[in-house]
Structures are given as C-alpha cells and as structure tokens.
Amino acid sequence: MSKMIIDTDTGSDDAIALLMAVAHPDAEVVALTTVAGNVALDQATRNAKTTLRIAGRPDIPVFVGCDRPLVYPLETATEVHGDDGLGNVHLPDAGIDSQPEHAVLALVRLAAESNGEHDLITLGPLTNVAAALAIDPDLLTRFRRTVVMGGAPDMVGNVTDMAEFNVWVDPEAAARVFVAPGERVMVGWNVSMTAGLVSPDQRKAMAELGTAAGQFAHDITSVVEAFCHQELGIPFFSLPDPLAVAIALDDTIATRTQSIGVTVGRSAEARGATFPTHLQPDAPATDIVWEADAEAFQAQMFAALSALP
Ligand code: BDR
Ligand code: CA
C-alpha cells in the first residue's frame with residue numbers, strides 16, 4: 001500500500017491525477033495540500049474539493065497553502081484550463097471544509113509522521129514545499145520520495161522556450177526543492193508530451209465509460225483540448241499531472257530515467273529553466289524521467305475512471 005500526500009494547484013489535469021490516486025487499489029491518499037498556480041488559491045482549493053466529491057472521498061483532508069509564489073507575483077494558466085481551472089464546468093461548491101492547519105505546517109507534520117513511508121507528489125508550483133523546507137530542511141528525507149511534476153530537462157518549455165509552468169511560476173521555490181536532501185523524481189513537460197498525450201477519441205472514450213468520474217474528466221478537458229488545437233495547432237493535449245501520479249503509483253511506467261543534479265534558472269532569460277548538471281557529479285540528484293510507457297499510463301487512467309462512481 002503506498003501512502004501519499006498530494007500538493008496541487010488543481011487545474012484540469014491535476015483533477016484527473018487526483019482521481020487516479022484516489023481510485024488506485026494499492027494507494028491511500030493521506031491528504032491534499034493546495035497551492036496557487038493554475039488558478040488562484042481559493043479556486044484551486046475549491047477544485048480539489050470538487051474532485052474529491054466526484055470521487056466519493058470527501059473524507060480526505062484538504063489543507064490550504066500559499067496564495068502566491070515566494071518572489072514573483074502569481075501568474076495563472078486559465079487560458080489553458082478555463083476560468084475556473086476545470087474547463088469552465090462551474091460545478092457547485094462541494095461542501096467540504098478545509099482543515100484549520102496551514103498546508104505548510106501540515107506538510108512538516110505529515111513528513112514527521114511518515115516514517116519514510118509516504119510519497120509526496122507535487123502537481124503545482126513548489127511554494128508550499130519550499131516554505132516547509134524553510135522550517136524543516138530535511139523534510140524530503142522524511143518521505144519515501146518526492147515525485148515532482150515540473151521542469152523541462154530537454155529545455156523545451158511550455159511558458160517560455162526553456163521553462164515549464166510549475167517551475168516558471170515559482171523558480172525560487174523550485175531551486176530550493178531540487179537541492180534539498182532526499183529522493184526525488186522529476187516528471188517533466190518533456191515526457192508528458194510523448195507518453196501523456198490524449199487524442200479527441202481517447203477523450204470521448206472517457207465520457208463513454210458511463211461513470212461520473214469519466215464524464216467529469218471529459219468535461220474538464222474541453223478548454224485544454226481547444227487551446228491545443230486552436231493556439232498550438234496540435235490535435236491532442238497532454239496530461240502531465242496524471243502521468244506523474246501514474247509513475248508514482250507504478251514505477252515501471254517510467255521506462256528510462258537518469259539520476260543527475262538539476263539547477264533552476266533564475267536570471268530573466270532563463271527563469272524557470274531546469275538544467276541537468278552534467279558537469280557537477282556531486283550535485284544533489286534527481287531521477288529525471290526521460291521516457292515512459294504511454295499505453296500503461298492510459299490503462300491506469302482508464303482503469304481509475306472506470307472504477308470510480
Ligand atoms: C503543469 O502546469 C499546469 O498547467 C499543469 O497542471 C501541470 O501541473 C504543466 O506545465
Ligand atoms: Ca498542476
């Protein structure tokens with residue numbers, strides 16, 4: 001049984017990732033922590049709760065975290081995910097209370113309680129984790145490992161030429177996380193664009209599963225599908241956060257990894273870039289996922305959307 005804490009800026013792909021984690025027979029989602037990113041913090045928290053309601057798991061505690069990056073003003077991605085972050089479905093409030101403890105303090109506490117058994121999965125900017133590291137510099141060593149959806153180790157970004165959204169939004173936070181002691185896996189934008197793709201037919205198939213979760217996954221991805229088609233001219237979209245969760249749940253989905261240091265660019269031109277540090281063999285290492293099994297990813301996702309209500 002793998003126990004996990006998921007930090008999320010809940011946009012549309014985060015929501016599908018959360019469904020996959022909750023549905024997996026061998027996983028227990030211990031807590032969600034929310035952070036500003038794809039959408040403002042209030043909306044991210046609301047969306048996390050909506051997703052738990054759809055999954056039939058309103059009992060999973062939700063801790064509210066940081067409402068802006070450490071240094072830069074918040075930049076959201078509503079053009080990609082919809083004004084509500086969930087494809088403009090505007091579902092009613094889930095009626096779930098947030099926990100009174102701040103997400104940063106919850107991360108420090110849950111890490112201490114983990115006994116090295118829990119995984120930390122991050123699906124948004126790394127602000128909460130960096131703030132928790134300021135309190136407990138060994139935070140990541142207390143988890144079994146940290147799986148980060150973020151970065152573009154091949155230097156092909158989705159916000160700038162070089163930078164991926166989660167790292168670009170809060171590069172100061174990411175820089176702290178990538179040098180912290182502990183086991184770390186990076187599921188970057190690169191591998192989502194090879195193994196995490198969804199075609200229009202595959203998206204339709206989500207709705208045809210006949211479950212509320214499948215319909216939800218279909219509906220909340222309408223804006224990202226249209227964005228990729230109209231703005232980028234590509235007939236598919238990618239699901240980076242679901243791929244990160246899939247790899248966290250099943251290591252074998254990552255078919256080629258490289259253990260190497262990662263430096264985060266913080267100059268104006270390189271903001272949010274993630275450079276593999278091939279000339280610094282002693283740098284704190286991250287397992288960068290370079291290749292993953294697209295079919296196994298799809299199978300896990302569809303199994304989850306079928307198994308849920
Ligand atoms: C990442 O940014 C967000 O838009 C997605 O939810 C994912 O976490 C991809 O760059
Ligand atoms: Ca995300």
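This one's a predicted model, so the numbers in the text were calculated from it and none came from an experiment. First listed ligand is number 1; within each ligand, the first listed atom is number 1. We number each residue from 1, following the sequence as shown.
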(message) If we count only N and O atoms by modelled type, under 3.5 Å, do the side chains of Lys49 and Thr10 hold a donor and an acceptor together?
(response) no

(request) Measure across Phe236 and Ser199 and return the closest heavy-atom pair with its distance rounded to 0.1 Å. (result) CB-CA, 4.2 Å

(request) Taking all non-hydrogen atoms of both residues into account, name the closest pair between Ala48 and Thr34 and its distance. (result) CB-CG2, 4.1 Å

(request) Report yes if Trp189 has an N/O atom closer than 3.5 Å to an N/O atom of ligand 1; otherwise report no. (result) no

(message) Looking at ligand 1, is there an atom of it that comes within less than 4.0 Å of some heavy atom belonging to Asn38?
(response) yes

(request) Among all protein heavy atoms, pick out the one at the shortest distance from atom 6 (O) of ligand 1; state its residue, atom name and that distance to 0.1 Å. (result) Asp13 OD1, 2.5 Å

(request) Report yes or no: does Asp13 have an N/O/S atom closer than 3.0 Å to the Ca ion (ligand 2)? (result) no

(message) Side chain, backbone, both or neither: which applies to Leu123 and ligand 1 if a contact is any heavy-atom pair less than 4.0 Å apart?
(response) backbone

(message) Can you tell me how far apart OG1 (Thr257) and CD1 (Ile260) are? Round to the nearest 0.5 Å.
(response) 11.5 Å

(message) Give the atom numbers and elements of ligand 1 that come within less than 4.0 Å of a heavy atom of Asp241.
(response) 5 (C), 6 (O), 7 (C), 8 (O)

(request) Examine Leu123 and say whether one of its N/O/S atoms is closer to the Ca ion (ligand 2) than 3.0 Å. (result) yes

(request) Show which atoms of ligand 1 fall inside a sub-4.0 Å distance from at least one heavy-atom site of Phe165. (result) 2 (O), 3 (C), 10 (O)

(message) Checking side chain to side chain contact (heavy atoms under 4.5 Å, CB included) between Asn38 and each of Leu86, Val169, Leu123, Asp14, which is the one that passes?
(response) Asp14

(message) Need the ligand 1 atom indices (1-based, order shown) with element for anything under 4.0 Å from a heavy-atom of Met149.
(response) 1 (C), 7 (C), 8 (O), 9 (C)

(message) Please list the nearest protein heavy atom to atom 10 (O) of ligand 1 with its residue and the distance rounded to 0.1 Å.
(response) Glu164 OE2, 2.5 Å

(request) Mind checking whether Pro240 contacts ligand 1 via backbone (N, CA, C, O), side chain (CB onward), both or neither, at a 4.0 Å heavy-atom cut-off? (result) side chain

(request) Measure from the side-chain N and O atoms of Ser192 to the backbone N and O of Leu239, and report whether any donor-acceptor pair falls under 3.5 Å. (result) no

(request) Flag Asp9 as yes when one of its N or O atoms lies below 3.5 Å from any N or O atom of ligand 1, and as no otherwise. (result) no

(request) Give the numbers and elements of all ligand 1 atoms closer than 4.0 Å to a heavy atom of Asn166. (result) 1 (C), 2 (O), 7 (C), 8 (O)

